[in-house]
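The figures here come from the full heavy-atom set of this structure, side chains too, leaving out hydrogens, waters and symmetry mates.
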Amino acid sequence: MDTPKESHALSENRILAGLPSAQYEQLRRDLEVVRLAQGKILYNAGDTVRYAYFPKGGMLSLLSTTQDGRTIEVGSIGSEGFVGIPVILRVNKAPYQVMVQLPSQAMRIRGDLLREAFNRGGKLQDLLLRYTHTLLSQVTQSATCNRFHTVEERLCRWLLVTHDCAQLDVLALTQEFISHMLGVPRTSVTMIASTLQKSGCIRYKRGRIIILDRRMLEASACECYRLVREEMVTFLAA
């Protein structure tokens with residue numbers, strides 16, 4: 001019986017690791033390992049998507065942008081997912097900017113080669129389609145969150161998501177970078193981060209955020225974190 005390879009040691013990506021051995025081996029020859037540095041832009045909105053990326057860790061942010069350069073994060077991707085959905089939807093144009101938020105390595109594949117593999121069906125097609133649904137649910141929930149919830153609730157949610165992706169208590173993130181992700185002034189992030197630090201949720205020092213009390217963060221976040229997390233758990237368990 002063709003079962004998933006135990007580790008798929010070259011990938012460390014949940015989608016690739018979930019493939020049957022034969023399908024993974026067929027795909028592996030077209031994969032290359034690339035380093036994704038923090039702040040790197042993989043695509044801008046409107047760019048032709050030439051490559052898809054399967055992160056091995058770290059975190060990628062999907063950013064909606066305005067003509068005057070303002071941005072806000074509408075989704076995030078870690079080792080559970082992939083970047084390059086337009087490729088399998090036969091659109092090939094990025095609808096948002098994709099930025100590396102936390103550095104990592106990723107498995108990269110040419111878009112045309114991933115489309116060929118997707119069109120062959122099987123487990124790869126199933127995983128990519130189900131992940132597309134999961135990410136769409138996250139983007140939809142982000143729209144609700146950004147419109148109706150307070151900056152403090154959104155910041156707590158964002159820190160929890162980042163903590164989930166990084167699997168580290170110490171996050172190398174500046175307040176300026178966080179304000180860029182949340183689409184709010186840096187002064188707002190500074191004020192809320194100070195409040196969270198005084199309450200014992202986090203410690204902030206020299207461009208690093210240390211998660212001290214995750215339960216307290218969860219209590220302060222909006223319900224969007226729980227809803228998106230439940231959707232992700234369902235995807236990973238299937």
Side-chain angles (χ1 to χ4, degrees), residues 13 15 32 34-115 118 128-149 151 154-155 157-159 161-162 164-166 173-186 188-189 224 228 231-232 235:
N13 173 274
I15 291 177
E32 60 175 328
V34 294
R35 179 69 183 171
L36 303 180
Q38 187 174 37
K40 179 180 177 62
I41 304 297
L42 300 185
Y43 327 120
N44 283 305
D47 283 355
T48 299
V49 179
R50 304 187 185 280
Y51 292 93
Y53 298 82
F54 293 83
K56 300 171 70 174
M59 185 173 177
L60 309 179
S61 290
L62 311 183
L63 301 173
S64 180
T65 61
T66 64
Q67 285 187 334
D68 61 3
R70 290 178 294 175
T71 64
I72 191 167
E73 186 185 76
V74 296
S76 57
I77 298 170
S79 61
E80 79 289 338
F82 84 110
V83 171
I85 286 176
V87 167
I88 66 171
L89 297 181
R90 300 174 178 83
V91 178
N92 282 358
K93 294 290 183 182
Y96 34 60
Q97 184 184 79
V98 180
M99 173 189 285
V100 180
Q101 182 184 130
L102 297 176
S104 73
Q105 289 186 329
M107 306 299 288
R108 187 175 75 170
I109 183 172
R110 276 174 28 201
D112 59 326
L113 297 176
L114 180 62
R115 189 182 304 112
F118 175 82
L128 295 185
L129 286 176
R130 287 196 292 107
Y131 180 73
T132 298
H133 168 78
T134 300
L135 187 61
L136 179 59
S137 298
Q138 181 185 158
V139 171
T140 301
Q141 195 65 44
S142 291
T144 301
C145 187
N146 293 334
R147 172 62 180 85
F148 294 111
H149 295 145
V151 178
R154 291 168 52 207
L155 175 56
R157 174 203 173 199
W158 188 85
L159 289 174
V161 171
T162 306
D164 288 342
C165 286
L173 297 164
T174 65
Q175 291 185 2
E176 183 176 359
F177 191 83
I178 295 171
S179 70
H180 187 64
M181 295 296 105
L182 297 181
V184 299
R186 179 181 174 178
S188 297
V189 174
C224 297
V228 171
E231 186 74 32
M232 186 60 67
F235 165 73

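- Counting only residues at least two apart or in different chains, salt bridge (Lys or Arg N to Asp or Glu O under 4.0 Å) contacts with residues 136-145 are absent.
- With rounding to the nearest 0.5 angstrom, the CG atom of Leu155 is 9.5 Å from the CD atom of Gln175.
- Under the rule for a side chain to side chain contact (heavy atoms under 4.5 Å, CB included), the partners of Thr144 that lie at least two apart in sequence or sit in another chain are Gln141, Phe148.
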Side chains of residues 36-43: which donor-acceptor pairs under 3.5 Å do they make with residues two or more places apart or in other chains?
from: Gln38; atom 1: NE2; to: Gln101; atom 2: O; distance (Å): 2.8
from: Gln38; atom 1: NE2; to: Ala172; atom 2: O; distance (Å): 3.1
from: Tyr43; atom 1: OH; to: Tyr51; atom 2: O; distance (Å): 2.5

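- The shortest side-chain heavy-atom distance between Ile109 and Phe82 does not fall under the 4.5 Å cut-off.
- Partners of Arg35 by side chain to side chain contact (heavy atoms under 4.5 Å, CB included), not counting sequence neighbours, listed by chain and number: Pro103, Gln105.
- Scanning for side chain to side chain contact (heavy atoms under 4.5 Å, CB included) contacts around Leu129 gives Phe118, Gln125, with sequence neighbours left out.
- Residues Ala94 and Asn44 approach most closely at CB-O, 3.6 Å, considering heavy atoms.
- Arg50 pairs by the salt bridge (charged side-chain N to carboxylate O under 4.0 Å, His left out) definition with nothing, not counting sequence neighbours.
- Under the salt bridge (charged side-chain N to carboxylate O under 4.0 Å, His left out) criterion, Arg130 pairs with Asp126, sequence neighbours left out.
- Nearest heavy-atom pair across Gly57 and Ser79 is N-CB, 3.9 Å.
- Residues Pro55 and Ile77 come closest through the heavy atom pair CG-CG2, 4.2 Å.
- For Asp47, there are no salt bridge (charged side-chain N to carboxylate O under 4.0 Å, His left out) partners at least two apart in sequence or on another chain.
- Scanning all heavy atoms of the two residues, the minimum distance from Ala52 to Gly84 falls at CB-CA, 4.2 Å.
- Counting only residues at least two apart or on different chains, the salt bridge (Lys or Arg N to Asp or Glu O under 4.0 Å) pairs with a member in residues 64-79 are Asp68-Arg70.
- Shown here are the ring pair (Phe, Tyr, Trp, His ring centres under 6.0 Å) partners of Phe235, two or more places apart in sequence or in another chain: Tyr131.
- Two residues are said to be in side-chain contact when any heavy atoms from C-beta on lie closer than 4.5 Å; Leu136 and Thr132 fail this criterion.
- In terms of heavy-atom proximity, Gly75 sits nearest to Ser142 at N-OG, 4.4 Å.
- Proximity of a side-chain donor or acceptor of Gln138 to a complementary backbone N or O of Ser76 within less than 3.5 Å is detected.
- Residues passing the salt bridge (charged side-chain N to carboxylate O under 4.0 Å, His left out) test with Glu32 are Arg108, sequence neighbours excluded.
- Nearest approach of Tyr96 to Leu63, heavy atoms of both residues: CB-O, 3.4 Å.
- Atoms SG and CH2, on Cys145 and Trp158 in that order, are 13.0 Å from each other to the nearest 0.5 Å.
- Applying the salt bridge (Lys or Arg N to Asp or Glu O under 4.0 Å) rule to pairs touching residues 76-100 yields nothing, sequence neighbours excluded.
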